[in-house]
Amino acid sequence: MQTKLHQWAASDVGRRFDDLFNLVCHPDFLAVAWERVTGNKGARTPGVDRVAPRFISEPTEVTDFLSTTRDLLRSREFAPLPVRERLIPKGGQPGRFRRLGIPSARDRLVQAALVLVLEPIFEADFKPVSYGFRPKRRAQDAIAEIHFYGTGSRSYEWVFEADIAACFDELSHSAILDRVRRRVSDKRVLSLVKSFLKAGVMSEAGQYQGTVAGTPQGGIVSPLLANIALSALDEHFLAKDDHGTPWRREVHRKRGGSFYRIVRYADDFVILVKGGREHADALWDEVRQVLAPLGLRLSESKTRVCRFDEGFDFLGFRIQRRRRKGTNTSTAYTYPSKKALLSVMTKVRMLTNRIKNASLEMLLRQLNPLLRGWCAYFRHGVSKATFGYVDMFAWRRVTEWLRKRHPRMTWKELYRRYLTGRPGNRPQENGIVMFDAATVEVTRYRWRANKIPTPWTQRTTQ
């Protein structure tokens, strides 16, 4: 059914769907939605109902839970509960917090069912320059696109590096609903979306707060709603850069016109500019005008205009154009940013500080996934030297941890008992060897342009 929804939406860009509520209530959609909810990392975290989805596991409990939810939806008696507020410290920003909203178990189920129905429809409208929280797309695709447009004869000279202030907290409800109405005419579904937006927040102090704007960061449906609203940015700048035929594009260039390319990952985006500094500076007012109807604003302190050659940070990568050694040509290089490096070092330091009375095996079981995941993310860049540095840092932290745990043990005995992994005297216990970040293979990620398939297409789109 998802495939049909996607095909219908793609074949008729003006079609509005008027009978989607029955799909949201359908037992099959609810069953798949529940699998996604319980398979999510946050399945052990309860909302204000104090019910963690993962602990509803008995077949009879699951059947009763899904049946009750379906009955509430069909009788129009379903009403979402306020989300439970959770303040998460922002890394590298002492005293600042990111506010998460954790929905109740039943609300998560209904939100997941909504996403199953709405996502195939809106994916037909989303532009290829958007990569965040979309199926079969990842951050590396966004980085690869920037690398492509920053290299060779197509090089863009300027970068408008933007940051939206409190995007998920300030998104206009009316703007979200207006854009949802472009594709959905079923008033029951629209009412359901609105009820989630207006559900409110239960603060950590136990006080209820109404929501007049924003969609809770942490809700299953929130990333989709944010993408629906922020696609206004994509549409604006793709239309701005559409000059029709290659001949008209060349005429525009000869007349001193500028070209633009937006690359967006959720609420993080950059706009590449081929033209003069004045064209890049003019984007301040232009982006403000696009964001204003969405209830959003630029962060003045974190938004800037820079040359591509100066470099900028995006999605954890440092991107900078440099001259390739031994040639006169320039290319865009991508490598882990200093902030990303400090982040993983801080996590390694915290692990080796916190786990004092545990065994080496337990420490490695927590450290290895951290190092492996970090390297997997950054392996599509100029990261070999950084991986070696991270590995050396982690090795020293683990050996210092061993020395503090066994103060009377000599280095010779330490090597004989714990540093037995090969090659390189890797810390090892009970067959668990410390992950070697220096051995991770570094490869260039190939930009897939507009050939990224959706889960509902049998072949790549052209």
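The structure presented is a predicted model; accordingly, all values stated were derived computationally and were not measured.
- When the options L197, L177, L114 are evaluated for a side-chain contact (heavy atoms from CB on, under 4.5 Å) with L225, the one that passes is L197.
- Separating the CG atom in D234 from the CZ atom in F269 is a distance of 9.5 Å, to the nearest 0.5 Å.
- A side-chain N or O of R264 and one of N227 form a donor-acceptor pair less than 3.5 Å apart.
- Note: F387 and W374 have perpendicular aromatic rings, judged against thresholds of 30 and 60 degrees for the angle between ring planes.
- A salt bridge between E286 and K240 is present, with a side-chain N of the basic residue lying under 4.0 Å from a carboxylate O of the acidic one.
- Aromatic rings of F259 and H243 (six-membered ring for Trp) have centroids within the 6.0 Å cut-off, being under it.
- Side-chain contact annotation: S104 with D107, donor-acceptor N/O pair under 3.5 Å present.
- Under a 4.0 Å N-O distance rule, the pair E235/R179 qualifies as a salt bridge.
- Ring-plane geometry between F133 and Y265 is classed as tilted, the angle between the planes lying from 30 to 60 degrees on a 0 to 90 degree scale.
- Ring centroids of Y445 and H147 are separated by 6.0 Å or more, keeping the two rings apart.
- Here the side chains of I102 and V83 are not in contact, with every heavy-atom distance at 4.5 Å or above.
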Scan the side chains in residues 309-316 for donor-acceptor partners under 3.5 Å anywhere in the protein, sequence neighbours excluded, and list what turns up.
| residue | atom | partner | partner atom | Å |
| --- | --- | --- | --- | --- |
| D309 | OD1 | R321 | NE | 2.9 |
| D309 | OD1 | R321 | NH2 | 3.4 |
| D313 | OD1 | R318 | NH1 | 3.2 |

Before giving the answer on side-chain hydrogen bond (donor to acceptor under 3.5 Å, both in side chains), spell out for H279 and Y260 the whole-Å C-alpha distance, their side-chain angles and the decisive distance to 0.1 Å.
CA-CA 9 Å; H279 297 118; Y260 304 87; 5.4 Å; no

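- Within the 4.5 Å cutoff, the side chain of Y418 has heavy atoms near those of the E429 side chain.
- Side-chain atoms of S343 never come within 3.5 Å of backbone atoms of K339 as a donor-acceptor pair (strictly under, hydrogens ignored).
- A salt bridge between R253 and E250 is present, with a side-chain N of the basic residue lying under 4.0 Å from a carboxylate O of the acidic one.
- The residues R261 and D241 are annotated as not salt-bridged, no charged nitrogen and carboxylate oxygen being separated by less than 4.0 angstrom.
- Within the 4.5 Å cutoff, the side chain of R84 has heavy atoms near those of the P46 side chain.
- Judged by distance alone, the side chain of Q320 and the main-chain N or O of A332 form no donor-acceptor pair under 3.5 Å.
- A distance-only check finds no donor-acceptor pair linking the side chain of E361 to the backbone of N430 [under 3.5 Å].
- Every residue was checked against the ring pair (Phe, Tyr, Trp, His ring centres under 6.0 Å) condition with W247, not counting sequence neighbours, and none meets it.
- Looking only at side-chain heavy atoms (C-beta outward), T331 and Y333 come within less than 4.5 Å of each other.
- Under the 4.0 Å criterion applied to side-chain N and carboxylate O atoms, E441 and R379 are not assigned as salt-bridge partners.
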Please determine whether salt bridge (Lys or Arg N to Asp or Glu O under 4.0 Å) holds for the pair E157 and K274, giving the CA-CA distance in whole Å, both sets of side-chain angles, and the decisive distance to 0.1 Å.
CA-CA 5 Å; E157 294 88 6; K274 182 184 286 188; over 6 Å; no

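- Ion pairing of R297 with E170 is present here, as a side-chain N (NZ or NE/NH1/NH2) and a carboxylate O approach within less than 4.0 Å.
- Side-chain contact annotation: T443 with H380, donor-acceptor N/O pair under 3.5 Å present.
- There is no side-chain donor-acceptor pair under 3.5 Å between E123 and T454.
- For the pair S337 and F317, the minimum side-chain heavy-atom distance is 4.5 Å or more.
- Residues L414 and L402 form a side-chain contact, since some pair of their non-hydrogen atoms from C-beta on lies under 4.5 Å apart.
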Worked verdict on I88 versus F97 for side-chain contact (heavy atoms from CB on, under 4.5 Å)
CA-CA 5 Å; I88 306 297; F97 297 88; over 6 Å; no

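- Although no hydrogens or angles enter the test, the distance criterion places a donor-acceptor pair under 3.5 Å between the side chain of N368 and the main chain of F435.
- Two rings, from Y149 and F308, have their centers 6.0 Å or more apart.
- Every residue meeting the side chain to side chain donor-acceptor pair (under 3.5 Å) condition with S174, not counting sequence neighbours, appears here in chain and number order: S172.
- S359 contributes a side-chain N or O that, together with a main-chain N or O of M362, makes up a donor-acceptor pair within less than 3.5 Å.
- Contact check for V287 versus F160: side-chain heavy atoms found under the 4.5 Å cut-off.
- Using a 4.5 Å heavy-atom threshold, the side chains of R349 and R397 count as touching.
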